[in-house]
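First comes the structure, then the notes that go with it.
When a ligand or atom number is given, it counts from 1 through the structure's own listing order.
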Amino acid sequence: MKHLLKMLDLSSEEIIDLLNLADQLKYERKHNIPHPHLQGKTLGMIFQKASTRTRVSFETGMVQLGGYPLFLSSNDLQIGRGEPVQDTARVLSRYLDGIMIRTFAQQEVEDLAAYGSIPIINGLTDFCHPCQVLADLMTIREYKGGFSGLKMCYIGDGNNMANSLIVGGLKVGMEVSIACPNDYQPDRKVLDFAEQNGGFMMTDSPIAAAENADIIFTDVWASMGQESEAEKRKIAFRGYQVNDELLGAAHSDCMVQHCLPAHRGEEITEKVFEAHANEIFDEAENRLHAQKAVLVKLMANQ
Ligand code: CP
Ligand code: NVA
C-alpha cells in the first residue's frame, strides 16, 4: 500500500491490517504508551474545503506519532491561483514525507499520487471519503465484535460517503443495502463493484433497505460544494430521514452512524441522534486512531 486514494484500491487484508493497527494505537494512547513512529517526519495537509474532524485528527495524530503536521489552506497556496497539481506534487515531494488532501475532484488526488513521490492520503473528495470509512469500520467492529453476518444500511444521498461505505462494507464481508432517490444514486464504478461482489441491494425505499439492519448510516443531503442545491435536495430527500419509524424495521440493537456534521431534522431526527450519540462520537474519535494507522503504514518505513 503506497497511498490511500479510495477504498476500491485496498484489499480486504489491507483494510483489516489497518483496523488492527488502529486498535493497537488506540490502546496505546488510552494507556499513555508512547508510539513515536513518525519522529522527524512532516505531513502536509492541503484543504480546499472546510473541516473540523479531519483537520484536527490528522494534526494531533501527527503530533502523537512524533511528527510534524503542516496545515496548507488552498487560499494561501499557489494551487489556489492555478498552479497545476502536477507541479505542486513534484515540489512538495521534495520537502514533505506525506500529503493529506481534501478537495473536489478525485482526479486531483490521483494526479498528486501519479506525479509526486511521497504517500498521498485522500481526506475527502466528491467521490469518496476513505479515512472516514476506516473509522466507521473500526467502530462497527468495536461494537459488534466482527463483521460476519452483519447487514449495513445507508440511507440518503449516493455521495462520497455512500461510495466509500458500500465498497468498505462489502470488502470486509458485510451485507450492504442503500436507499436513495433514483436521481441520487452512487457512482457507476462503485455500483459495478458492488453488483459483481454480491451481498448488495439498492432501492428507493428506505424501509426496505433498513429491514433487519445491524448498522444504519446516513449523511447530509447537500455536501460541501452543493450548497446552492440545498432547497431542491430537501424536496428530493423528503422521506429519507433516519427516524424511529425507520429504526423499527431494523434489528432492535441496530447501531446508528453519522460521519458528521449532522443536520438534525433533515437526514436524522434529534431523538435518534441523541439516542445514538455515544456510537456517533466514538465513530468521530476513531478518525484519530484509524488515520494514525494509515500514517504509520504509509510513512514509517519511508
Ligand atoms: N466527517 C468529517 O470528515 O468531518 P470534517 O468535515 O469536520 O473533517
Ligand atoms: N458528504 C459530506 C461529508 C462530510 C464529511 C460532504 O462531502 O460534505
What one should report as the nearest heavy-atom pair of Asn286 and Met138 is OD1-CE, 3.6 Å

For ligand 1, list every N/O pair with the protein closer than 3.5 Å, one pair per line with the distance.
unit_1: ligand 1; atom_1: 1 (N); unit_2: Gln132; atom_2: OE1; d: 3.0
unit_1: ligand 1; atom_1: 1 (N); unit_2: Cys259; atom_2: O; d: 2.9
unit_1: ligand 1; atom_1: 1 (N); unit_2: Leu260; atom_2: O; d: 2.9
unit_1: ligand 1; atom_1: 1 (N); unit_2: Arg287; atom_2: NH1; d: 3.4
unit_1: ligand 1; atom_1: 3 (O); unit_2: Thr54; atom_2: OG1; d: 3.1
unit_1: ligand 1; atom_1: 3 (O); unit_2: Arg102; atom_2: NH2; d: 3.0
unit_1: ligand 1; atom_1: 3 (O); unit_2: His129; atom_2: NE2; d: 2.8
unit_1: ligand 1; atom_1: 3 (O); unit_2: Arg287; atom_2: NH1; d: 3.0
unit_1: ligand 1; atom_1: 4 (O); unit_2: Arg53; atom_2: NE; d: 2.8
unit_1: ligand 1; atom_1: 6 (O); unit_2: Arg102; atom_2: NH1; d: 2.8
unit_1: ligand 1; atom_1: 7 (O); unit_2: Thr52; atom_2: N; d: 2.6
unit_1: ligand 1; atom_1: 7 (O); unit_2: Arg53; atom_2: N; d: 2.8
unit_1: ligand 1; atom_1: 7 (O); unit_2: Arg53; atom_2: NE; d: 3.2
unit_1: ligand 1; atom_1: 7 (O); unit_2: Arg53; atom_2: NH2; d: 3.0
unit_1: ligand 1; atom_1: 8 (O); unit_2: Ser51; atom_2: OG; d: 2.7
unit_1: ligand 1; atom_1: 8 (O); unit_2: Arg53; atom_2: N; d: 3.4
unit_1: ligand 1; atom_1: 8 (O); unit_2: Thr54; atom_2: N; d: 2.8
unit_1: ligand 1; atom_1: 8 (O); unit_2: Thr54; atom_2: OG1; d: 2.7
unit_1: ligand 1; atom_1: 8 (O); unit_2: Arg102; atom_2: NH1; d: 3.4
unit_1: ligand 1; atom_1: 8 (O); unit_2: Arg102; atom_2: NH2; d: 3.2

Which pairs of donor and acceptor atoms, one on a side chain in residues 184-191, lie under 3.5 Å apart (sequence neighbours left out)?
unit_1: Asp187; atom_1: OD1; unit_2: Lys189; atom_2: N; d: 2.9
unit_1: Arg188; atom_1: NE; unit_2: Asp192; atom_2: OD1; d: 3.1
unit_1: Arg188; atom_1: NH2; unit_2: Asp192; atom_2: OD1; d: 3.0
unit_1: Arg188; atom_1: NH2; unit_2: Glu195; atom_2: OE1; d: 2.9

What I want to find out is whether [X] reaches [Y] closely enough, with some N-O distance under 4.0 Å, to be called a salt bridge.
X      : Y      : answer
Lys297 : Glu14  : no
Lys30  : Glu285 : yes
Asp9   : Lys6   : yes

Looking at Glu245, I'd like to know if its CD atom is crowded, meaning that more than 12 non-hydrogen atoms belonging to other residues, nucleotides or ligands lie closer than 6.0 Å. no

Write out each pair where an N or O from ligand 2 and one from the protein are under 3.5 Å apart, with the distance.
unit_1: ligand 2; atom_1: 1 (N); unit_2: Asn159; atom_2: ND2; d: 3.4
unit_1: ligand 2; atom_1: 1 (N); unit_2: Asn160; atom_2: OD1; d: 2.8
unit_1: ligand 2; atom_1: 1 (N); unit_2: Asp219; atom_2: OD2; d: 2.6
unit_1: ligand 2; atom_1: 1 (N); unit_2: Ser223; atom_2: OG; d: 2.7
unit_1: ligand 2; atom_1: 7 (O); unit_2: Asn160; atom_2: ND2; d: 2.8
unit_1: ligand 2; atom_1: 7 (O); unit_2: Ser223; atom_2: OG; d: 3.4
unit_1: ligand 2; atom_1: 8 (O); unit_2: Met224; atom_2: N; d: 2.8

- [ ] Answer yes or no: is there a donor N or O on one side and an acceptor on the other, between the side chain of His31 and the main chain of Tyr27, under 3.5 Å?
- [x] yes

Side-chain heavy-atom pair Lys234, Arg238 within 4.5 angstrom cut-off
no

Residue pairs meeting side-chain hydrogen bond (donor to acceptor under 3.5 Å, both in side chains), one or both in residues 203-218, sequence neighbours left out, come to Asp214-His251

